[in-house]
Participant: 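A single structure is presented below for examination.
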Amino acid sequence: MPPKRKKGEDTYAHGIATTMGTQMKSHNTLLSKPLSALTLKPDHSSRPLWVLPTGSILLDTSSPIYSTAYDFLVTISEPQSRPTYIHEYLLTPYSLYAAAAVNFTEKGIVTTLEKFSKTKVPENVKDFIKKCTSRYGKVKLVLRSGRLYVEALNTPEGVGILRGLGGNKEIMKCRVIVRSEEKKEGEEKNELEEEGFIEGYVDDEIKGNLNVITGIDDEADEDDSSDSDSSDEEGGGHTARLLKNLDQTRNKTSSVSFEIQPALVSVVKKTAAQLNYPLMEEYDFRTDETILSIPNYHLRPTTRIRRYQEKSLSKMFGNGRARSGIIVLPCGAGKTLTGVTASQTIGKSAVVLCTNAVSVEQWKQQFEKWTTINSGSNKDTGRIARFTSDHQDKMHPDGCILVTTYTMMTFSGKRTAQSQAFMEKLVERDWGLLMMDEVHVVPANTFRRVIANVKAHTRLGLTATLVREDDLIADLNFLIGPKLYEANWMDLTKAGFLANVQCLEVWCPMTPEFMREYLRSDRMRQQQLLYIMNPKKMQVVKFLLNKHQSRGDQIIVFSDDVRALVYYGRRFEGQIIHGGTPEFERQAVLRLFREGSINTLFISKVGDTSIDLPEANVIIQIASHFGSRRQEAQRLGRILRPKESTAQDGTNTDSFNAFFYTCVSKDTSEMYYCTKRQQYLIDQGYTFKVLTSLHERAAEWCRKQSPKAFLSTKKEQVEILRDVLEETALAGDAQKAESEEMKFLRAEGKKGENRNLEVDFFEKRSGGLSSVSGGGGKSYEERSAGKGNKLMKQRKSNKKINIFDL
Ligand SMILES: Nc1ncnc2c1ncn2[C@@H]1O[C@H](COP(=O)(O)OP(=O)(O)OP(=O)(O)O)[C@@H](O)[C@H]1O
């Protein structure tokens, strides 16, 4: 469905989203041939994929050319589901738009698909590709030496498109027409020049000035001399490849453009979008003299970007200019270094936006860790300024990096004089790059305000999970740019860049007393607290904590419900962090956890993102935000940092070295949400094992605790019930929680429907590879098909099995 236009919505974004939505709609109706109509090519066994008339592409991961096919598919299509053996991708207008953005042509896409496909590429798929690529990426908005140009390739098609746009009444008013000088007699007349067009090259003169990416520090300061080992194979090899990519594209393509007035750029963008020629934005930073470069800004010699980080950057800088767009890398895969390298490659002033103050500190540290920005000749002046409520560093008048939060940027209340002055300076000047961390989290309106406030020549969004429960992803595509790269979680896990996590869903039956109250209650808040505080769940948590603490693990217990969090934290004598915890206390607790002085941390949703706890290897989730797929992935991300047993040389061990538990109260709506939450991770290839009888072992173990059994008597359990009922007696609380729930359900398109959750939970869904693989919200055992089926059946019939085997 094309997104509905909201009041005050960016017309440009809306124009494109509507166009794409319409195409998407026709796409869905167009591609509906039966699969039996496909004929296998005689040499199909040597080809890695199937292209279906539905626009889906299935990739056989065991193919010897899997990785080449994979690289191609992530560029032209959207990953849908990536379990172990067969991946599913989907061609969409957005994905084809992104492909066009990195110079993929219709012919190139169809020819390569045909080469890789086991079956003939269906005609309707070819038509769809043609339709989507015929306009996108054909015209670019290029910033060169501080001047703006609308540019196309100097081919008959490109010139035709440019003439159409340049001649448009609205765009004509925005153009800067430079009269060509009188030609002397006999001198050849140039038609394009006569029309006010400028001829040039798309990739002229890359003079190796991207050597910043090599990490070779020409002016390495004394402090860094100990680091200066530039012989590292890995780093040098990767960066050399990137440079080679850039070199290969240079001097290749001749272009034609016309200049426009910067003040009228939004009119040009809007009009071009209405004419169905959305302008790709590119920044020719090498020729830009309007923004001063940051001196002595290099990657340190020891900094080695990884292959996937380099790949993502090559999509951004593939033709020597900086393209605006979004890079998607799993949590813990190093988005920060990727962003730092992007900024250092551009070498100009940049604004970095983060979700909170902790993350601002982390970004600053990472800039200093990976680059020379604040060392050597920059040591005294300091080229990184923080802008938070606690720190408002001096902003260097020339090239500098400004790290701040979305909240600081969009705060609409009264600012202090210092903060106001800072904001004014920020808004006044031009920035080479606007980098937005965790782009998917930020409300679209915040984006619009930030983008309107910061005069940035290129925009880079970084995220791990390009999913939202609303329909605003389309806005992101056009407010920032298309998705430039998305890594595969499982490939990174296999290569040892991420921990190997075992995901477990632990079913905890409600005690009869809790279940009675749950069924009787008509208040969402009360029901929630009942399923979170279920004594059987508490016993499971106690059992798991003991098990992992005795192994020397570092454990994070997550609860979105702060009251429950505090209750659990106190009961289990752990350190607690939530929104109300003062910053200094928060930092102190995190430091103790990092040092290993404490091994268990109870944290609310403030810990979902941007908190770097490399040592953590166990998560126990006791309460979460309804069905948020994004939150589930972000939480998993807290334990994805590679562990000691994970070698970063492509040889990850087979055994799990991190554990992600979700404790759910059985036969409550928590189960429905839990299933929904797992969808994104299942699509990334994770398997959730369901433990249906662990609670029995936990209860048995709790009974045997000395000097006192844990929650083993009805009396103790009823005391908790009484606390819950008292706690939820306040009507205000109930309304608050319900409105949150309503918000979620609305976003899900359910319009307040919360009936039949249990029915939905076991309902069979059809369509898509994910439903076959378990990605449709069903759990399965991946090790053997037989066991998986058994597990599914047992889960459905609630029969008890025990697969808990640590
Ligand atoms: N090329 C690299 N070489 C060495 N270490 C790296 C590299 N890239 C990333 N790291 C390390 O990996 C860890 C995770 O990086 P980072 O915090 O940037 O991840 P992230 O993708 O931002 O994760 P999250 O989404 O959880 O914030 C950090 O400790 C970082 O120093």
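Order of listing sets the numbers, starting from 1, for every ligand and every atom in it. We use all heavy atoms of the structure for the numbers below, so side chains are in, but hydrogens, waters and symmetry mates are not. Just so we're clear, the structure is a prediction, and the values are computed from it rather than from any experiment. For the single chain, residues carry numbers from 1 onward in sequence order.
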Participant: Side-chain donor-acceptor contacts of residues 329-338 below 3.5 Å, not counting sequence neighbours, with atom names and distances?
Facilitator:
from	atom 1	to	atom 2	distance (Å)
Lys335	NZ	Leu329	O	3.2
Lys335	NZ	Pro330	O	3.3
Thr338	OG1	Gly334	O	2.8

Participant: Heavy atoms only, cut-off 4.0 Å: how does Trp370 contact ligand 1, side chain, backbone, both, or neither?
Facilitator: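 Side chain only.
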Participant: Given Glu438, Glu310, Lys335, which one has a non-hydrogen atom that is nearest to atom 25 (O) of ligand 1?
Facilitator: Lys335
Participant: Strictly distance-based, threshold 3.5 Å: is any side-chain N or O of Asp437 a donor or acceptor partner for the main-chain N or O of Leu353?
Facilitator: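 No, because the side chain of Asp437 does not come within donor-acceptor range (under 3.5 Å) of the backbone of Leu353.
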Participant: For Gly332, state whether at least one heavy atom is located under 4.0 Å from any atom of ligand 1.
Facilitator: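 Under 4.0 Å: yes for Gly332.
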Participant: For the residue pair Phe660 and Ile639, establish whether any side-chain heavy-atom pair is separated by less than 4.5 Å.
Facilitator: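 In contact.
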Participant: First locate atom OG1 of Thr388, then atom CD of Glu583, and finally report the distance between them rounded to the nearest 0.5 Å.
Facilitator: 9.0 Å
Participant: Does Leu462 reach the side chain of Met436, with side-chain heavy atoms less than 4.5 Å apart?
Facilitator: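 Counting from C-beta outward, Leu462 and Met436 never come under 4.5 Å.
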Participant: May I ask you to say whether Glu632 pairs ionically with Lys676, meaning some side-chain N is under 4.0 Å from a carboxylate O?
Facilitator: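 Salt bridge flag = no for Lys676 with Glu632.
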Participant: Arg638 heavy atoms, cut-off 4.0 Å: which ligand 1 atoms fall inside?
Facilitator: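 Counting from 1, the qualifying ligand atoms are 24 (P), 26 (O).
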Participant: My understanding is that only residues two or more places apart in sequence, or in another chain, count here; which of them pass side chain to side chain donor-acceptor pair (under 3.5 Å) with Thr662?
Facilitator: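 Scan of Thr662 (side chain to side chain donor-acceptor pair (under 3.5 Å), adjacent residues dropped) gives Gln621.
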Participant: Counting both backbone and side chain atoms, is some N or O of Cys331 under 3.5 Å from an N or O of ligand 1?
Facilitator: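 No, there is no polar N/O contact under 3.5 Å.
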Participant: Regarding atom 18 (O) of ligand 1: of the candidates Thr336, Thr302, Ile305, which has the closest heavy atom?
Facilitator: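 Residue with the shortest heavy-atom distance to the ligand atom: Thr336.
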Participant: For Pro330, take its heavy atoms, then give the atoms of ligand 1 lying under 4.0 Å from any of them.
Facilitator: 21 (O)
Participant: Within a distance under 4.0 Å of any heavy atom of Arg304, pick out the atoms of ligand 1 and give their elements.
Facilitator: 1 (N), 2 (C), 3 (N)
Participant: Is ligand 1 under 4.0 Å from a heavy atom in the side chain of Ala333, in the backbone, in both, or in neither?
Facilitator: backbone
Participant: Tell me the nearest of Gln362, Gln366, Arg641, Gln365 to atom 17 (O) of ligand 1, using heavy-atom distances.
Facilitator: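 Closest candidate by heavy-atom distance is Arg641.
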Participant: Report yes if some heavy atom in the side chain of Phe593 is under 4.5 Å from a heavy atom in the side chain of Val589; otherwise report no.
Facilitator: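 No; the side chains remain at least 4.5 Å from each other.
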Participant: Which atoms from ligand 1 have a heavy atom of Leu337 less than 4.0 Å away?
Facilitator: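 Listed by number with element, the hits are 1 (N), 2 (C), 7 (C), 8 (N).
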Participant: If you count the atoms of ligand 1 from 1 in the order shown, which ones are under 4.0 Å from a heavy atom of Lys369?
Facilitator: 31 (O)
